[in-house]
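Starting off with a structure, shown below.
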Amino acid sequence: MYQTFSALADPTRFAIVDRLLKQGEKSAGELGALADISAPAISRHLKVLREAEIIRQDIRAQSRIYSINPDAMRKIGIWIEETRQFWDSSLDRLERAIEREVSK
């Protein structure tokens, strides 16, 4: 998961993923219009997202079409849910401990 969250930590890459989630597959050119950056820079961002397996690339004729990898989104969702459950449980234990201390 480290590689996934590291890739998403960059605002441009996060915006690319957000756009793909909301609007579906897009070409590299369409994604490049998202930010005022050069074509080589958008290519580097897309490469990082592909290597983290967050997005997929499909080659159609001379175009590269990018889409979200559903498995990556599922893994992120599972991690978030497990982390939420851990913190909910931990905070519940902390609350009970504080209540015991206050009532002494």
Margin query: Quick check for you: to the nearest 0.5 Å, what is the distance between Gln3 atom CD and Ile54 atom CD1?
Written below: 8.0 Å

Item checked: Sole residue of Arg50, Arg74, Glu53 in side-chain contact (heavy atoms from CB on, under 4.5 Å) with Asn69 -> Glu53

Notebook entry, point to check: Excluding sequence neighbours, so at least two apart, what forms salt bridge (charged side-chain N to carboxylate O under 4.0 Å, His left out) with Glu101?
Noted result: Lys104

Next item on the list: Using the salt bridge (Lys or Arg N to Asp or Glu O under 4.0 Å) rule, collect all pairs that involve residues 37-49, keeping only residues at least two apart or in two chains.
Entry: Lys47-Glu51

Give the table of side-chain donor-acceptor pairs shorter than 3.5 Å for residues 6-14, with sequence neighbours excluded, one pair per line with atom names and distance.
from, atom 1, to, atom 2, distance (Å)
Asp10, OD2, Thr12, N, 2.9
Asp10, OD2, Arg13, N, 3.1
Arg13, NE, Ala7, O, 2.8
Arg13, NH1, His45, ND1, 3.2

Checklist line | By side-chain contact (heavy atoms from CB on, under 4.5 Å) - contacts of Ser103 (at least two apart) | finding: none

Note to self: Suppose we screen for side-chain hydrogen bond (donor to acceptor under 3.5 Å, both in side chains). Which residues come up paired with Thr4, at least two apart in sequence or across chains?
What the structure shows: none

Item checked: Lys26 versus Glu30, closest heavy-atom pair with distance -> CA-OE1, 3.3 Å

Next item on the list: Name all residues meeting the side-chain hydrogen bond (donor to acceptor under 3.5 Å, both in side chains) criterion together with Arg100; count only those two or more places apart in sequence or in a different chain, and write none if there are none.
Entry: none

Item checked: Any residue meeting side-chain contact (heavy atoms from CB on, under 4.5 Å) with Ile59, in chain and number order, not counting sequence neighbours -> Gln57, Arg64

Next item on the list: With sequence neighbours excluded, tell me which residues meet side-chain contact (heavy atoms from CB on, under 4.5 Å) with Ile42.
Entry: Ile16, Ile37, Leu46

Check: Do you know which two heavy atoms are closest between Tyr66 and Ala28, and how far apart they sit?
Finding: CE1-CB, 3.7 Å

Notebook entry, point to check: For Glu81, what residues pass the side-chain hydrogen bond (donor to acceptor under 3.5 Å, both in side chains) criterion, not counting sequence neighbours?
Noted result: Arg84, Gln85

Note to self: If the condition is side-chain contact (heavy atoms from CB on, under 4.5 Å), which residues does Lys75 pass it with, not counting sequence neighbours?
What the structure shows: Met1

Checklist line | same_hphob_cluster(Val17, Phe5) at 4.5 Å side-chain heavy-atom cutoff | finding: yes

Next item on the list: To the nearest 0.5 angstrom, please state how far the CG atom of Leu49 sits from the CG atom of Leu31.
Entry: 9.5 Å

Margin query: Can you tell me how far apart CG (Leu21) and CD (Gln23) are? Round to the nearest 0.5 Å.
Written below: 10.5 Å

Next item on the list: Taking salt bridge (charged side-chain N to carboxylate O under 4.0 Å, His left out) as the test, write out the residues that go with Arg60, two or more places apart.
Entry: Glu25, Asp58

Check: Who are the side-chain hydrogen bond (donor to acceptor under 3.5 Å, both in side chains) partners of Arg96, not counting sequence neighbours?
Finding: none

